[in-house]
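Only heavy atoms go into these numbers, but all of them, side chains included; no hydrogens, no water, no symmetry mates. All chains are named by letter (A, B, ...) in the order of the sequence lines, taking the proteins before the strands, and each is independently numbered beginning at 1.
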Amino acid sequence: MIDIMKKFIYLLTTILLFSHCSDFLDKAPLDSPSDKTFLANEAEIEMAVIGCYTNLWTEWEGMSFFLAFEELSDNGWDRNTNDLQKLSQGANDAQSSFVRTVWATCYSGISRCNYVINNLEKVEGTVNANTLIQARAQAQFLRAYYYSYLVDLYGDVPLVLETLSLDNAEIPRSSKEEVLNQIFKDYDDAAAVLGTANKPTSGRPTRQAALALKARMALYNEKWDIAIAAASEVMKLEGSEVILDPRFQNLFTYEGQDSKEILFSIQYLFGFKVHPIFRLFGGRNGGGHANKIPSYQLADSYECIDGLSIDKSPLYNPAKPWDNRDPRLAWTLALPSSGYSDWQNEPGCIFQGFQFETHRDSVKCWNYHTSPPSRVDNQDALNAYASFSGINWRKYVNDKDYGDVNNCDNNTIVIRYAEVLLIYAEAKAKAGQADASAYAALNKVRTRAGMPAIAQTTADDLFHAVARERRHELSGEGQRLSDIRRWKIAEKVMNGFLLGRMQKSYPTKAPAIDQWGTPDYDAAGIPIASDTNDPNTSMRTVDKRMFKANKDYLWPIPYLERQTNPSLTQNPNWE
Amino acid sequence: MNAQIKRIGISCMLLLLLNIGQSIAQLSISATNTTINNVLRQIEEKSDYTFFYSDNFLNLNQKVTIQAKDEAIETILNRLFRDTNISYRINNKQIALAEKSTQNANSENIAQQQGQTITGRIVDTGGEPIIGATVVEKNNPARGTITDIDGNFTLTNVPRNAVLLFTYVGMEPQEIAINGRTTINITMASDTELLDELVVVGYGTQRKANLTGAVSNVSLPQMEKRTVAQTSLALQGLVPGITVTQRSGKPGGDGGTISVRGKTTLGNNDVLVLIDGVESNINSIDPKSIESISVLKDAASAAIYGNRAANGVILITTKRAEDGKTYVSFNSYMAKGVPTNVPRYVGAVDFMKYISIAKRAVGMTPEYSEDYIKEYEAGIARNDPNYPDVDWFDATTTNNGLMTNNFVTISLGTPQLKSLAQVGYMSQNGITENTNFKRYTLRSNTDYRVSSKFSLRSDIALVYTDAKEPSKLALGYNWVGRIPPNQAVYLADGRYGPGWQGINPVAYYKDGGIISNAAPSGIMNFVATLKPVKDLELQGQYALNYWEGHTTNWNKRVQLYLNDGTPDPQTQAKSTLTESTNRNLRNLFIGRATYSKSLLDKHNFKLMGGYQQETFWSKWHSGYREVFPFPDYPVLDAGGQENQKSSGSASDFALQAVFGRINYDYEGKYLFEANLRYDGSSRFAEGYRWGLFPSVSGGWRISEEPFWENLRDVVNNLKIRASWGQLGNQNTLNGYYPSQSTVNIGTNYIFDKNITSGAAITTMANSIISWETTTMSNIAIEFSLFKKLEISADYYHRVTDDILLDLDIPLIIGLDKPAQNAGKLENRGWEIGATYNDRFGDVNFSAMFNISDVKNEILDLRGINQTGLTVNREGYPMQSLYGYVADGYIVPEDYDAEGNYKGATQIGNFGPGDIKYKDINGDGVINTSDQEIIGSTIPRYTFGMNLFAEYKGIDINMLFQGVGKADGYVWGHSIGAFYEGGSMPEIGKDYWTPENRNAQFPRLAFNNSNNQQNSSFWVKDAAYLRLKNVQLGYTIPERFTSKIGVSNLRFYVSTDNVFTISKFWKYFDVESPVLSGYANFYPIMRTTTVGIDLRF
């Protein structure tokens, strides 16, 4: 008995030792390399840099996340009852998925950039020096870009410049100032290396892109001199590689993707990376969901062709509100054809190949996809979920995507030259240098659009002219949220109703328009739909919004982030 | 007289591994003028056979002479009994002896007949003849006989008022008064004291009486009553401590999720299922192939399976051919399923009325005028197709839900070679178009008895399943509960209508392409058993398990039309085809040795030691094309060249273990067992790879003590047992290389409108992760009363430490979270099982009841508490429901004279009639800091009850099953009115108005974010009692069927999910996936079956 047991134990021990020494359990991944030697040669460096770009695809419902910012401003609205809508209603909290997504993907991009920047030393001397310099410049450009959103939305954020591990990740927030300095430095370093040859569909940044984005961040943070200097640098390049494209309306189409007005854009490619903007923005006739829509207030903020706001211009006809308006109104929005006296000659009211009309009684419309055009049921009037405001976004909605609404691959613009001109003009006005160069910059943008130039007046007037111009030039491109926050007008424009068109008519007069271009309907006595006001002849209330000045100017630090990193403080009134 | 051993050198892996040269033997006997008795004893000594016979009626003292060399047992026995009146029958290792012909043997008695002659047949409950059973006259024990090999007996000269006593080893004795009858057929039931029953345990068997761990046997007859397509469901309600939850009724996807004693860990909680020792999917086997099922519930009994066993182990052995039995059986049934509950939504007119109310409530303009609604109503009344009124659920339920299952078993058993072959075919139609599941099975189990010391088993199981469903089935189900009823399925001219946003589920199901999932799999299992010397058994097992999955996703474009007949531009743009294949191979080798020894007939030892290794690899590839000009040819080559894609991946892992076990008992009274297992996994880094997992258990059979003697008539068995053990687990890990940092080579970007390859480290690696450890203690008591009622009760405590968790890490690190040994989870539970067997005259009756409970609590998550609807938070059960606490409705009285709301600010644009939430932190605002745990998703007090009665061939079986405490959560558009463009449920008509303040639902308010929050308002009691199955069967008496050569013929009808008692939402099945919120699941079925069991 005992003997047998001894043999048993002997046997077990033998097997144990045998198995322990063998490499039976050594398994390495079958389809991806180990990181031990990563960044060893030129090819790997190039691949690592490309890895830094993919975070540019940070998205909301498939489209570039900054386009969704428009729906957080007084320009637009998201119909889905999701975290984005909640954010626009002031009903958001630190657990918002949108707030977390932006934070997480920006830091994910930063971490990849840090990895490249920190590991280039490993191969110094063994790899072509220019490759290293170019790699570092791109990584710095992208790192600055990702940090820009963080400081803009969250204020003070942890400044991470090294690859972190679990042991050293409890980093507190750095001051916004400190992060900004890093952003400026990164953009400067990148600008010093990057070339100026501008091909927006190359996907690569240029010197002017780095400077333009630096100017934007400087402007946002009231560093007027820095903004002026950086913008001036770009303006010096105006000519062959930087232009103000005479065809504004083309910039958001497939044909316009390579316009040299575009300084940097997010790249899409059919079959690999696409976005569903045609569906999200499009109307019901075209197969869209009118999911993200512009506010009626935005439409009314556009001036008449004489440069006067609609409450002041003699050209404004309340019965035909779209006649004689800033051409960018129809280039930016799809407008009901009944608002034109001669709609058939207005490209603005053909949308996705259909006559666009949201009047409730307009049960039929023209379909231009057939030849000859045919009369069809008008879904943009009949469908219960047609645009609630009666208008749609037009920028980035291209007829080419009709029938394949989720597979759009036109690039989305991060920054273009017109914005640089407006940055320059605004910074000059704010710096008390409302000189001719500032007016020239602003008027260049206006005249390109077919609007009259603005005559020189006070710096304050210039500033408000630029502020209105930014709304008219850039709406639908994701700039408005930052604008109303930095101008501190969000507490005004984001409190109250987001309005839609009267369902069976137009207001009989123009709303009062203030210096920011914000319409006021109550002041003008225009009825707003309620229990007693008939929505057919009153402004439709699409949503009621709320914005608390003591809280909503900064987004909260994501809840989970403070759970994992207790050294992070929360922004005011978000606890 | 001597026995010769023939030496045959063989080689097998086992022997190579153990490095022991061995020999095997065949039986040789040489006896001259010896008693039969002596020869039998010799055979017993030289082989595993044991003889059963009754000395009273057989003369075993006859002298015989026999010479046999390397001969099979049958040959020897045939010769041995040639000149005697003894016949034999081999039943596994048991040889029963009987008189060759009772009639002849009793011929003398017939002459002296004074009383009458009684004939009859004795069978067991399975209808098998009992050979060698003793029949005696009670008052005259000298007058008796035994049954022959067909179970027949004849007893002569019996007084008319005599009482006969029937006895047989292992069977309940019976006394029957003949009362003048001349034919007495009886069925003997096995002794209810099933303590000698062998229970399959890890790497062996154990007498039930000697078990010290928590092992449950599944009652197979009850399980076989369930005519379910998936074996997992057949376990529902039958085993204490096992919860089986069915979440879908989709053919091929209607299996249940099995959990043994709750949830052990925060990730993968799958129970380990071993079919003949090979890890398998429980649904890959037809219930008809199963011989036995054991469930190892505590650490002590599962410990021997170490690294996979933390969530419990289900051991299944398959049927094998039996010695001397040859039969063909045929089982067939046909069933039809209809949904138990389906959500109901309002009709078109109601929809338009109510959405108008909801829109006005938030200052929006209703799109339907009252005139239009009236016009619409008239349109519906005259069946005008321009005024659709669609119940989308009914519209999509157009298939027949029929199921057929045919199963043939062929069994042939000779002492040297036994073979059992099974062929099965099952086909199950869904209730939606193009939805079907087919399963073809072939199993061949073969036993080779090479010699009395060496045997081999070679099993092959081939299964081919083919599941088909519309490619947009899930999408469609998400929308049937959402599309407004005034959207047309078909236009007046029969073309497909627009549905909703380009989604028409009817068109999708009928014509929108098919996903087919074909999965061939094969298991080859070889087992060699060698008994070189007495008491020692060596066994080697090699199993190869290969399976594939071929998914063809044919997502076909189907043109939809708008109401005016123009093509709907939201129609899916193009047809796409994705064909993907995964291939998986698992290689398993186990070698083990078992040594048993009894010393002084008191100390019983059993030692077992072994080695196991396992490798697994998986490869996957996929091809994609789009735009198919010829949609009748859904193959890749028929698709467009543009935008075609291919991809593939591969991964592998390896496991290694050594293990040992000691069993000791003293006189069968004091029982002890200890296990040790040393496990290694390739998923951990060098230095963290190996884990040592011990367990001990003990038992005391109090009823075996002398002092219990007087109580034994009442309490015939009493045992207490206790166990403690540890198990390792690594199944929770995501991916096979979590400890290695790898470069993700898929981070590509686009430059110059070209894809350019990029690379990045995207996931953090954690090289210091190691085994998570589950420690479990169990105490239990087992007793049986009057040999009729058996009860066992267990209490256990289980703590899982170092849970491998993808714990959130600071997002500023910028990498995906790695696994960490971070969490700690506790389960405390108890379970009680009872079975009762009795006979009242001709009625056989049995009842079984079980109930169990488990309380789950997360002890540690390193302070990182999740938020969301289902969360893991410290101090609460895992996957708890989390949200606001609803406190009735907001009422007009909550506003002051100025119209300001007096309470804590609620969410969004709230108003009277909205759900009011509790301001938990009292800061005057409702926000996420006011959320707390509002319910649990883990069912408590799960129970099952089975009742069975049989009377003269008529049998009835009822299975009740339920949950005593559970929270259900239905949310989103399935229950909320007009949620994100949805419709409105029929029950939603009971909504809040100032006049109807006790309404079931809040006011109608369009897109109201306040009411859409996760809150306790939507938590509903999901406790239930369900008559899971009722079956009525009739077995035609054999005296009729035997004339056509049929030994058993039974017909039955059966219904599953007969009725349910619960307080859950009307129209929702209480077992449905309450957590997914939406009604986008395939309904659970009420299935009615007719079937036939036939055996030749």
Side-chain angles (χ1 to χ4, degrees), chain A residues 1 4 8 12 15-16 19 24-25 27 29-35 38 47-48 50-51 53-54 80-81 89 91 93 95 103-104 107-108 110-112 158 160 164 166 169 201-203 267 269 271-272 286-287 289 376-377 384-385 403-404 503 529-530 535 540-541 544 560-561 563-565, chain B residues 363 365 367 501 562-564 566 569-570 573 595 597 607 609 611 643 649-654 656 658 660 678 680 682 689 737 740-745 747 749-753 755-761 808-815 864 867 907-909 927-928 980-981 1007 1009 1012:
Chain A
M1 189 66 217
I4 298 250
F8 231 80
L12 283 180
I15 293 168
L16 210 121
S19 57
F24 184 77
L25 294 180
K27 296 278 179 193
L30 299 176
D31 52 12
S32 50
S34 148
D35 72 327
F38 191 47
M47 287 179 84
I50 290 165
Y53 280 85
T54 55
N80 291 347
T81 49
Q89 292 167 333
D93 56 49
Q95 293 179 14
W103 174 282
Y107 271 111
S108 159
I110 288 164
S111 119
R112 293 183 195 180
V160 182
L164 297 179
L166 278 177
T201 52
S202 75
Q267 307 293 305
L269 178 64
F272 175 59
H289 289 175
V376 294
D377 285 351
Y385 296 90
D404 200 359
Q503 298 201 340
S530 66
R540 180 170 172 173
T541 53
K544 190 179 177 189
L560 205 58
E561 197 66 345
Q563 293 271 298
T564 53
N565 180 0
Chain B
T365 322
E367 56 266 57
Q501 307 207 348
L562 297 173
N563 293 331
D564 60 9
T566 54
Q570 296 197 70
Y595 179 77
K597 188 77 186 167
L607 298 176
Y611 167 82
N643 201 20
S649 66
S651 53
D652 65 348
F653 71 73
Q656 218 174 2
V658 283
Y678 191 54
S682 67
R689 213 163 248 178
Y737 315 98
Q740 303 179 46
S741 188
T742 58
V743 179
N744 179 347
I745 47 181
T747 53
Y749 194 68
I750 300 156
F751 298 104
D752 294 309
K753 290 282 176 187
I755 304 170
T756 315
S757 300
I761 295 165
D808 285 301
I809 58 171
L811 295 168
I812 57 169
I813 294 177
L815 297 174
I864 297 171
T867 59
I907 295 154
N909 300 313
N927 55 27
T928 42
E980 284 184 0
N1007 254 13
S1009 60
Q1012 293 177 3

Nearest-0.5 Å distance, [atom1] of residue [X] to [atom2] of residue [Y]:
X: L560(A); Y: L811(B); atom1: CG; atom2: CG; answer: 6.0 Å
X: I809(B); Y: N565(A); atom1: CD1; atom2: CG; answer: 11.5 Å
X: Y749(B); Y: F272(A); atom1: OH; atom2: CZ; answer: 10.0 Å

Between the side chain of [X] and the main-chain N/O of [Y], is any donor-acceptor distance below 3.5 Å?
X: T201(A); Y: D752(B); result: no
X: Y737(B); Y: S651(B); result: no
X: S682(B); Y: A654(B); result: yes

For each of [options], tally heavy-atom pairs with chain B at distances under 4.5 Å, and name the one with the top tally.
options: G271(A), P158(A), A48(A); value: G271(A)
options: Q563(A), H289(A), Q503(A); value: H289(A)
options: S108(A), S202(A), G403(A), G203(A); value: S202(A)
options: Q267(A), R112(A), E561(A); value: E561(A)

Side chain, backbone, both or neither: which part of [X] has a heavy atom under 4.5 Å from chain B?
X: I110(A); answer: neither
X: V376(A); answer: both
X: F38(A); answer: side chain
X: P29(A); answer: both

Which bit of [X] comes within less than 4.5 Å of chain A, counting heavy atoms only: side chain, backbone, both or neither?
X: I812(B); answer: both
X: D564(B); answer: both
X: Q501(B); answer: both
X: F751(B); answer: both
X: T566(B); answer: side chain

Q.
Please give me the minimum heavy-atom distance between A760(B) and G51(A), naming the atom from each residue.
A. CB-CA, 4.3 Å
Among [options], which residue forms the greatest number of heavy-atom pairs with chain A at distances under 4.5 Å?
options: D808(B), V743(B), I745(B); value: V743(B)
options: L562(B), I750(B), T742(B); value: I750(B)
options: N744(B), T756(B), N927(B), I755(B); value: I755(B)

Q. Are side-chain heavy atoms of S111(A) and L815(B) found at a separation under 4.5 Å?
A. yes
Q: Please identify each residue that fulfils side chain to side chain contact (heavy atoms under 4.5 Å, CB included) with A91(A), with sequence neighbours left out.
A: K86(A), Q89(A), I907(B)
(Q) Around atom NZ of K544(A), are there more than 12 heavy atoms from other residues, nucleotides or ligands closer than 6.0 Å? (A) no
